[in-house]
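One structure below.
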Amino acid sequence: MKFKRFKKIVALALLTALIMNIGIFVSGESVPSSDSSYELITAYFDCINNSNWDEWLDYYIPQMQPDRKLFISDKTNFEANFGVLTIKKANILDIVPISNNYVLSTYPELEQYAPDLNNILCFRVRVNLAVNEENEYFHSGENNLIITLLAQDNELYVAALCVCPENLLIENAITDFDSLAEYKAATMNQLYLDFPRITSSLSKPLFCVNFLMPSKRNYTASPASMSKEKYHYMYGWLENDLTHSVYYINDNKGNVVGAAGFTRSNSNYNTESMFDFSTIEALDELTSYVDVFLQEFPLDSYNNLDDYNIDYINNYVEKIEQSEDYFHITVMTKCDDDIPCTIIASYAPQIKAFFVLELSSAYFTASEIMDITASIEFSVDK
Amino acid sequence: MNLKKHKLFFIAVYTLCAVIMSVACSTKQGISTQAPSAVATAQPQERTAAPIPADAILGTDKFPSNYKQRFSNFEENYEFFTVNMIMILVDSSSVAIDYPISFLLPKGWYCLNSPDDIPIYLGGDELFDTRTYIYNSFGDCVGAIGLRHSSFYNKESFKSIDDINNFYMDINSDEDYYFTTREYYFPVSYSTLQFTDKYSAAALTQVFYSEDYLAQHGIQSDVPLMNPAIVYRYGTSITYLCFEFDCDVVNFNELSDIARSLSWNNI
């Protein structure tokens, strides 16, 4: 009885919202029901089906509407089939609620709109699409998308639509809201770095690395160069940084607290390898990944590592990880120079590249270093 | 708005650590129970070293000769400890077995076997058969060492990460307080030349506290808590030891140094 009444309220609210283009009203609860979420998602895709972009705009949270209005007001975006504008027809196959931890780590800015994280709802939408032209987000046929809804002032809005990563589907993580993921979502932000850095509209990165950083200091990355003030971190790398490989890591007070860079492996320079690391299984057979690291890391090219007193002989801990695109081995060591640092070096054999993070021990706790290390993923810019 | 939220979050975590330590780490002499993290970062000049309890286990500056091959600058930063942990076999014999272990801790720290109050490190007094507590030079309890048997595993050596997770199933399966060996397992090497088996070395991991678990111990928090930890098996037996430290008292380099310094004296 109560449920029927609730459904009526939701139906009435939907109708009101559709007429008035003001988003979807839900009952007085702070966390909306699945029903109202499903109806909102369906209505949102109906707008796409009917090319009713003005109404589509109104489903977004008010703070995001100006940007999207600019997007749909530009005819050239339609002509170029940018993003969602390429979709001709969308047929929803199913909608599954998922944890919001992935989206919160990808779009940490959403948290400012919803102080209570329970008000951020995520759904995997399996949808059959017909598109004008395939782009980096949408293709014809079955697509797995993540749609994020946000309850704000008792109204439910769309906050984000993005592609569902393969690993979320494979690991079935989409149905679990595990407490460790909750911890990470609450305390860490995702940082994405292209290598080499993009230096012109024509350049393209070889690969991308993403990893979690503690959100309490809102860390960002900025291009490092010799012309800037001389910082301790990866200074030797910068001297040889012909490939634009180095970033500084900055905290929210403008302090440089570390650096991130990439280098090619010895195998890349036609050195024959002693080990088979063509597959993750072959790597797993090895007694120690340190051997692989020592063989592959181009120490000769980076003699300055000795100057920094990096303890690359004695102090390794190691981890092998399977990420979305590439498996990789990660070793950690320390640098006992004027500024003690932890070095995290991750090697992806398939692309014969090392990603190295040098982080000040004064800024990062042991737990944070482990969180960062365990979160490193390599991917290609698709 | 976002910055404000981060500040609030930081204050919340800061307060949480202080509360945890005040609840968990009352020392024998009733010395300050303030969180070491707060003391170390905010007002280091206002604190002085606390009197060391008479029954404290102290470190020395005499190090094993092989440490020179394992560490750099260790003499400046650490002291060498030997702690004799005793575990009583739970069978008809009830024989007490000594497990003397050696390791490094930062200078000025000490250990206590029997503090008046049992801190919540290592799951309070339930998860481990025997525990020793670690104190910094201000008399704050900053961690603990625990010893126990594995109930689930008796193979001689680990062959895979699954073996490791099965071995530590007693401590990695509770959803409210657990060692996160499934997510974080970083074995440390003594040196590249000595690292013969990536599965037999001491490993770094983290300990997870859920909000519910914290609430059960009188600590209100909106987010879970993670502390750095070490797990180390006793040779090929079913016995193992674990270290847990407060989240702010050791950095990663110190944690890995402590893990690399571990040795069982009777193996």
Side-chain angles (χ1 to χ4, degrees), chain A residues 108-109 111-113 115-117 178-180 182-187 215-218 252 284 286-291 293-294 309 311-320 330-336 340-344 359-374, chain B residues 1-7 9-10 13 37 69-73 160-161 175-176 180 182-193 195-199 201 203-208 210-212 222-229 245 247-257 259-260:
Chain A
E109 64 272 21
E111 291 183 41
Q112 66 184 298
Y113 305 128
D116 182 352
L117 298 184
D178 72 82
S179 46
L180 199 57
E182 181 190 2
Y183 162 80
K184 287 181 185 175
T187 59
S215 54
K216 67 183 179 188
R217 289 202 181 96
N218 213 12
N252 55 1
D284 210 22
L286 296 174
T287 304
S288 166
Y289 308 128
V290 173
D291 296 334
F293 182 87
L294 279 181
N309 193 23
D311 195 359
Y312 61 83
I313 295 298
N314 287 319
N315 189 15
Y316 284 110
V317 291
E318 51 186 58
K319 179 85 171 169
I320 187 165
T330 299
V331 299
M332 292 172 276
T333 185
K334 64 181 179 180
C335 169
D336 279 331
C341 290
T342 299
I343 312 285
I344 305 168
L359 299 172
S360 166
S361 300
Y363 284 87
F364 296 89
T365 67
S367 290
E368 287 170 346
I369 291 290
M370 283 188 263
D371 285 335
I372 294 165
T373 303
Chain B
M1 180 69 179
N2 205 15
L3 186 62
K4 190 177 175 187
K5 190 162 180 265
H6 284 303
K7 278 182 181 171
F9 174 72
F10 179 76
V13 171
S37 50
Q69 297 161 348
R70 292 193 198 180
F71 304 98
S72 53
N73 303 327
S160 68
I161 193 70
E175 61 183 8
D176 286 325
T180 58
R182 288 183 171 81
E183 293 81 10
Y184 305 95
Y185 190 83
F186 302 102
V188 299
S189 59
Y190 300 132
S191 81
T192 50
L193 298 177
F195 199 99
T196 54
D197 179 359
K198 61 179 179 272
Y199 292 134
L204 312 182
T205 184
Q206 299 198 64
V207 172
F208 176 88
S210 73
E211 299 99 309
D212 288 345
D222 291 334
V223 291
L225 177 76
M226 300 282 270
N227 275 344
F245 290 100
C247 54
D248 285 332
V249 298
V250 288
N251 63 36
F252 182 82
N253 295 351
E254 291 166 334
L255 185 72
S256 58
D257 279 348
R260 293 174 63 238

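Because the structure is a prediction, the values reported are computed rather than measured.
Between chain A and the residues B:D222, B:N251, B:N227, B:V207, the largest count of heavy-atom pairs under 4.5 Å involves B:N251.
Residue B:P228 comes nearest to B:C247 through the heavy atom pair CD-CA, 3.6 Å, listed as atom of the first residue, atom of the second, then distance. Heavy atoms only, all atoms of each residue included: B:P224 and B:E211 are closest at CG-OE1, 3.7 Å.
Looking at A:E368 and A:R217, no side-chain N of the basic residue comes within less than 4.0 Å of a carboxylate O on the acidic one, giving no salt bridge.
No part of B:E254 comes within reach of chain A, as not one of its non-hydrogen atoms sits under 4.5 angstrom from that chain. Residue contact with chain A, scored on non-hydrogen atoms closer than 4.5 Å, is absent for B:D176.
Residues that satisfy the side-chain contact (heavy atoms from CB on, under 4.5 Å) test with B:T205, not counting sequence neighbours, are B:F179, B:T180, B:T181, B:Y184, B:A229, B:V231.
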